[in-house]
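One structure is given here, and the rest of the page talks about it.
Here is the naming used below: chain letters follow the sequence lines, and residue numbers restart at 1 for every chain. This structure is a prediction, so every number in the text was calculated from the model and none was measured. What you see below is based on every heavy atom in this structure, not just the backbone, and it leaves out hydrogens, waters and symmetry mates.
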There are 2 protein chains.
Amino acid sequence: MTAAPRTARDRARAELTHEIKDVARRHLAAEGAQRLSLRAVARELGMASSALYRYFPSRDELLTALIVDAYDAVGERVERAVEAAGPAGHPRAAWRGLCDAVRSWAREHPHEYALIYGSPVPGYQAPDDTLAPFSRVPFALLGILRDSGPDFAGPFGEADLPGPLATQFEAVVEAGGLDVPPATLARAVFAWAGVFGIVSFELFGQLAGSADPADPFFAYAVDRHADLLGLA
Amino acid sequence: MTAAPRTARDRARAELTHEIKDVARRHLAAEGAQRLSLRAVARELGMASSALYRYFPSRDELLTALIVDAYDAVGERVERAVEAAGPAGHPRAAWRGLCDAVRSWAREHPHEYALIYGSPVPGYQAPDDTLAPFSRVPFALLGILRDSGPDFAGPFGEADLPGPLATQFEAVVEAGGLDVPPATLARAVFAWAGVFGIVSFELFGQLAGSADPADPFFAYAVDRHADLLGLA
DNA sequence: ATGCGGCGAGAGCGGTGCTCTTGTTTGGGT
DNA sequence: ACCCAAACAAGAGCACCGCTCTCGCCGCAT
């Protein structure tokens, strides 16, 4: 993150900041963002609630810190899974690893998942330093597609982007320095939105009455998306 | 809903209940579920906050009523769109109408969308009378697929369900009295989760930096899902 | 006519986020 | 070595929240 703290005060501050986040994350995991209370965190730490404001200027700032951490957590989990599954050119296994990592992390940390992928907190808008953690999963997906090579074999043709979308995505590829064609980017967003939709449906109870134990359907959907992505 | 109210008291009660919901819905639309406050609603209605508890036993019950109304609102919007687009056997137009209806409703009512499709409120679990409004959009989609006839022409084969998923969805079809094959149900959930994912991504800011003005990508994705659904 | 039940209002409880003030500790510049 | 400013912890307090309880009032069915 930053340079090592020099003075004892800096060290204590860094430590306390970390402790606060830890306790807050535990409360978040147990009760959800809604019920996360600064005062309760302060109580558990044995300090006055007003003292917390030396470390986080508001409750929303604390939540933002937890959001960044959650993005990093799921991002690292996904990167590990992708790396473990497909270094030797098996992109479909890597894709499956990515999807399974997202889903299992989401099921283990539903409140943190809801915090980052569910409805945003009222006045929240992402600061710039959120961007890198925010992008880890999409970048991991793009990495799989890049490594899977240019030989696309999906059921959709290669040049199937309508004009406006092509120009828009060309600009995105340019601006982001991504070395994939725009059509691949489109397929990536399509697939990522698809698995996100299923995971959210499962977590938020929208699959009740249809794919209720979601494991078979999730595996099926992940495989169909792999077909669409043209993954070998 | 129920029989017409007879006495003046019943009439007043029904009217006030409606007024409370209206004011609450306005607050919800303006500020989000998080900031919806019983006391503020009571203030705007010129009554004591404690009096509201004669009509809704808790804040969560009020929110539940708003959830049901939101499901009904998006459901009716979708049904209208489907009916307007495709009565004469143009299933792809009907599917496009469904998707556009969902997205435009979501963009017009982001907080209500977040309420029903975003992270659920902490202790909430859907009561039984939520089931019908909850199911209107999925049923509309199944209606399109049923009317599109049995001649499936998508890029995936007809009998592509793995064993466990097939048996699970056969049971669902049986239990729900749905007259579609299990494979069609699977494709329906797949497609519905996909467009839901895109709409949620757009509303919750996850498309920032990729498909940021989402119109072209949404149209593209809806069309790709139509292909996958085998819609003519 | 009467009694009961629905109703509105008020006070009040425990909780929240956040601010302001007060006194203390700490560390760097002189 | 000292001194002062900055960082810090704590407490009181403000405005708000959901919710409960009690109290009078009034319409309605008996």
Exercise for review: Under the ring-ring contact (aromatic ring centres under 6.0 Å, His included) rule, collect the residues that match up with B:H109, sequence neighbours excluded.
Suggested key: B:W105
Review point. How close or far is atom P of D:dA10 from atom CG of A:L45, stated in whole angstroms?
Key: 11 Å
Check your understanding: Considering only side-chain heavy atoms of A:S50, which listed nucleotide, D:dC21, D:dA9, D:dA10, is closest?
Key -> D:dA10
Exercise for review: Scan nucleotides 24-30 of chain D nucleotide by nucleotide, 5' to 3', and note B when protein non-hydrogen atoms come under 4.0 Å of the base, S if they reach only the sugar-phosphate, - if neither.
Suggested key: ---BSS-
Revision key, fill the gap. Nearest-nucleotide check on DNA chain C, B:S49 vs B:L16; residue mapping nearer the 5' end is B:L16
What pairs of donor and acceptor atoms, side-chain ones from residues 168-180 of chain B against any protein atom, are under 3.5 angstrom apart with sequence neighbours left out?
| residue | atom | partner | partner atom | Å |
| --- | --- | --- | --- | --- |
| B:Q168 | NE2 | A:P213 | O | 3.1 |
| B:D179 | OD1 | B:R146 | NE | 3.0 |

Check your understanding: Going by the salt bridge (Lys or Arg N to Asp or Glu O under 4.0 Å) test, which pairs reach into residues 189-203 of chain A, not counting sequence neighbours?
Key -> A:R103-A:E202, A:R107-A:E202
Check your understanding: D:dG11 P sits how many Å from A:L52 CG, rounded?
Key -> 14 Å
Check your understanding: Please give, in whole Å, the distance from D:dC14 P to A:Y53 OH?
Key -> 17 Å
Practice item. Please tell me which of B:R39 and A:G46 maps to the more 5' nucleotide of DNA chain D, matching each residue to the nucleotide holding its nearest heavy atom. Key: A:G46
Which atom pairs, one a donor and one an acceptor, fall under 3.5 Å between side chains of residues 95-102 of chain A and the rest of the protein, sequence neighbours left out?
| residue | atom | partner | partner atom | Å |
| --- | --- | --- | --- | --- |
| A:W95 | NE1 | A:V222 | O | 2.9 |
| A:R96 | NE | A:D223 | OD1 | 3.1 |
| A:R96 | NH2 | A:D223 | OD1 | 3.3 |

If you look only at distance, which donor and acceptor atoms sit under 3.5 Å apart when one is on a side chain in residues 190-200 of chain A and the other is two or more places apart or in another chain?
| residue | atom | partner | partner atom | Å |
| --- | --- | --- | --- | --- |
| A:S200 | OG | A:Y113 | OH | 2.9 |
| A:S200 | OG | A:F196 | O | 3.2 |

**Study point:** Protein-nucleotide distance (B:F56, atom CZ; D:dC19, atom P), rounded to Å
**Key:** 13 Å
Study note, to complete from the structure: Rounding to 0.5 Å, atoms CG (B:L38) and CG (B:D60) come to a distance of 9.5 Å
Point to revise | Selected nucleotide, minimal atom distance to A:R13 side chain, candidates D:dC19, D:dC8, D:dG18 | key: D:dC8
Point to revise | Whole-Å gap separating P (D:dC19) and CG (B:L38) | key: 6 Å
Study note, to complete from the structure: Distance col, row A:L52:CG vs A:T17:OG1, nearest 0.5 angstrom, shows 10.0 Å
Review point. Roughly, in whole Å, what's the span from CD in B:Q34 to P in D:dC16?
Key: 18 Å
Review point. Can you name the residues that form a ring-ring contact (aromatic ring centres under 6.0 Å, His included) with B:F134, not counting sequence neighbours?
Key: B:Y71
Check your understanding: If you find the nucleotide of DNA chain C closest to B:A51 and the one closest to A:R43, which residue's nucleotide is nearer the 5' end?
Key -> B:A51
Practice item. Please list, in 5' to 3' order, the outermost nucleotides of DNA chain C lying under 4.0 Å from any heavy atom of chain B. Key: C:dG5 to C:dG12
Check your understanding: What residue pairs, at least two apart or across chains, pass salt bridge (Lys or Arg N to Asp or Glu O under 4.0 Å) with a residue in residues 36-52 of chain A?
Key -> A:R26-A:E44
